[in-house]
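Working notes for the structure below.
Sequence positions, counted from 1, serve as the residue numbers for this chain.
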Amino acid sequence: MATSPFNIKLDEMTMARAKRGDREARAQIFRDFHQPAWSVAMRLCQCQDTAHDVTQEAFISAFRRLKQFRGDSPFWGWLRRVVINHAISHMRRAPKATIVELHENHAHTDGQQERIGQSMDLEAALASLSPDDRTVVWLHDVEGYSHAEIAAVFGRTESFSKTRLSRARARLRTLIDSPKQKSLASEAAGQV
């Protein structure tokens, strides 16, 4: 598993000042952690506006509860959990709607174009999953959460996490393999 983009070193002086309510220290924390927080919110919510809202809510909540942070674990892990909890809460409250966002993807070489195409296939497949399934996949496979941690975030059992992950991976394989099969069939038909 890759290192989390949240893994940013925060010096003790900045944390102490932030706990006392120092605005500049809190602004520094916000600047340092905003991008990784927004990125996780975007991955889970699949909407830029929602990701901005979730990120703002998470930082407000984190700063209100900053005195509760004991320092037993790295600050970045605690903040990441706050962001994820806010994203999940928002998804539970939000009405079920299909949100479509268009992104431009340009490549300079054929190899880059192929990687962009694969990335777009994966992004589209992830977006087609239910919010809970997408969140379980992201937390487990990207953020490195255990099934017990995911169960705690959702307030469910470990079997909930395991079942969701298994079903979501199967669905992803189907979604990603389906365009490949169609492409191979059309190429074969063109060569005959």
* To do: List for me each residue that meets side-chain hydrogen bond (donor to acceptor under 3.5 Å, both in side chains) alongside Glu12, sequence neighbours excluded, and say none if there are none.
  => none
* Quick one: are Tyr145 and Ile84 in side-chain contact, heavy atoms under 4.5 Å? -> yes
* Structure fact -> Closest non-hydrogen atoms of Leu10 and Met15, given as atom of the first, atom of the second and distance, are CD2-CE, 3.4 Å
* Around Arg70, counting heavy atoms of other residues, nucleotides and ligands shown, do more than 12 lie under 6.0 Å from its CZ? -> no
* Structure fact -> Distance col, row Ser159:OG vs Lys162:NZ, nearest 0.5 angstrom, shows 8.0 Å
* Worked verdict on Phe33 versus Arg80 for side-chain contact (heavy atoms from CB on, under 4.5 Å) -> CA-CA 9 Å; Phe33 290 95; Arg80 180 179 66 176; over 6 Å; no
Please list, one pair per line, the donor and acceptor atoms closer than 3.5 Å that link side chains of residues 51-65 to other protein atoms, with sequence neighbours excluded.
from, atom 1, to, atom 2, distance (Å)
Thr55, OG1, Ala51, O, 2.7
Ser61, OG, His86, NE2, 3.4

* **Straight-line distance of Phe75 CZ to Ile8 CD1, nearest 0.5 Å** => 10.0 Å
* **Chi angles and distances behind the side-chain contact (heavy atoms from CB on, under 4.5 Å) call for Val142, Arg43** => CA-CA 10 Å; Val142 178; Arg43 291 284 178 194; over 6 Å; no
* Asked: Residues in salt bridge (Lys or Arg N to Asp or Glu O under 4.0 Å) with Arg26, at least two apart?
  -> none
* Asked: To the nearest 0.5 Å, how far apart are CD in Glu24 and CD1 in Ile29?
  -> 10.5 Å
* Can you list the residues that meet the ring pair (Phe, Tyr, Trp, His ring centres under 6.0 Å) rule with Trp138, with sequence neighbours excluded? -> none
* To do: Given salt bridge (charged side-chain N to carboxylate O under 4.0 Å, His left out), test Arg20 with Asp22 step by step and report yes or no.
  => CA-CA 6 Å; Arg20 288 192 309 267; Asp22 181 283; over 6 Å; no
* Hey, does the side chain of Ser89 reach the backbone of Asn85 with a donor-acceptor pair shorter than 3.5 angstrom? -> yes
* To do: Would you check if Asp141 and Leu165 make a side-chain contact, meaning some heavy-atom pair closer than 4.5 Å?
  => yes
* Structure fact -> Correct closest heavy-atom pair for Leu129 and Val137 would be CD1-CG2, 4.3 Å
* To do: Could you tell me which non-hydrogen atom of His147 sits nearest to which non-hydrogen atom of His140, and how far apart they are?
  => NE2-NE2, 3.6 Å
* Out of curiosity, Gln28 CD to Asp11 CG, how far, rounded to the nearest 0.5 Å? -> 8.5 Å
* Asked: Quick one: ring pair (Phe, Tyr, Trp, His ring centres under 6.0 Å) partners of His90, sequence neighbours excluded?
  -> none
* **Nearest-0.5 Å distance, SG of residue Cys47 to CG of residue Asp49** => 5.0 Å
* Search all heavy atoms of Gln46 against all heavy atoms of Ala127 and return the closest pair with its distance. => OE1-CB, 3.4 Å
* Kindly give the heavy-atom pair with the smallest separation between Ala87 and Leu44, and that separation in Å. => CB-CD1, 3.9 Å
* Closest heavy-atom pair and its distance - Glu149, Gly144 -> OE1-O, 4.2 Å
* With sequence neighbours left out, write down each residue that passes ring pair (Phe, Tyr, Trp, His ring centres under 6.0 Å) with Phe160, or none if nothing qualifies. => Phe154
* Asked: Under 6.0 Å from the CZ atom of Arg17, do we count more than 12 heavy atoms belonging to anything else shown?
  -> yes
* To do: Mind running salt bridge (charged side-chain N to carboxylate O under 4.0 Å, His left out) on Glu143 and Arg81 for me, showing each step along the way?
  => CA-CA 10 Å; Glu143 294 293 333; Arg81 170 110 359 154; over 6 Å; no
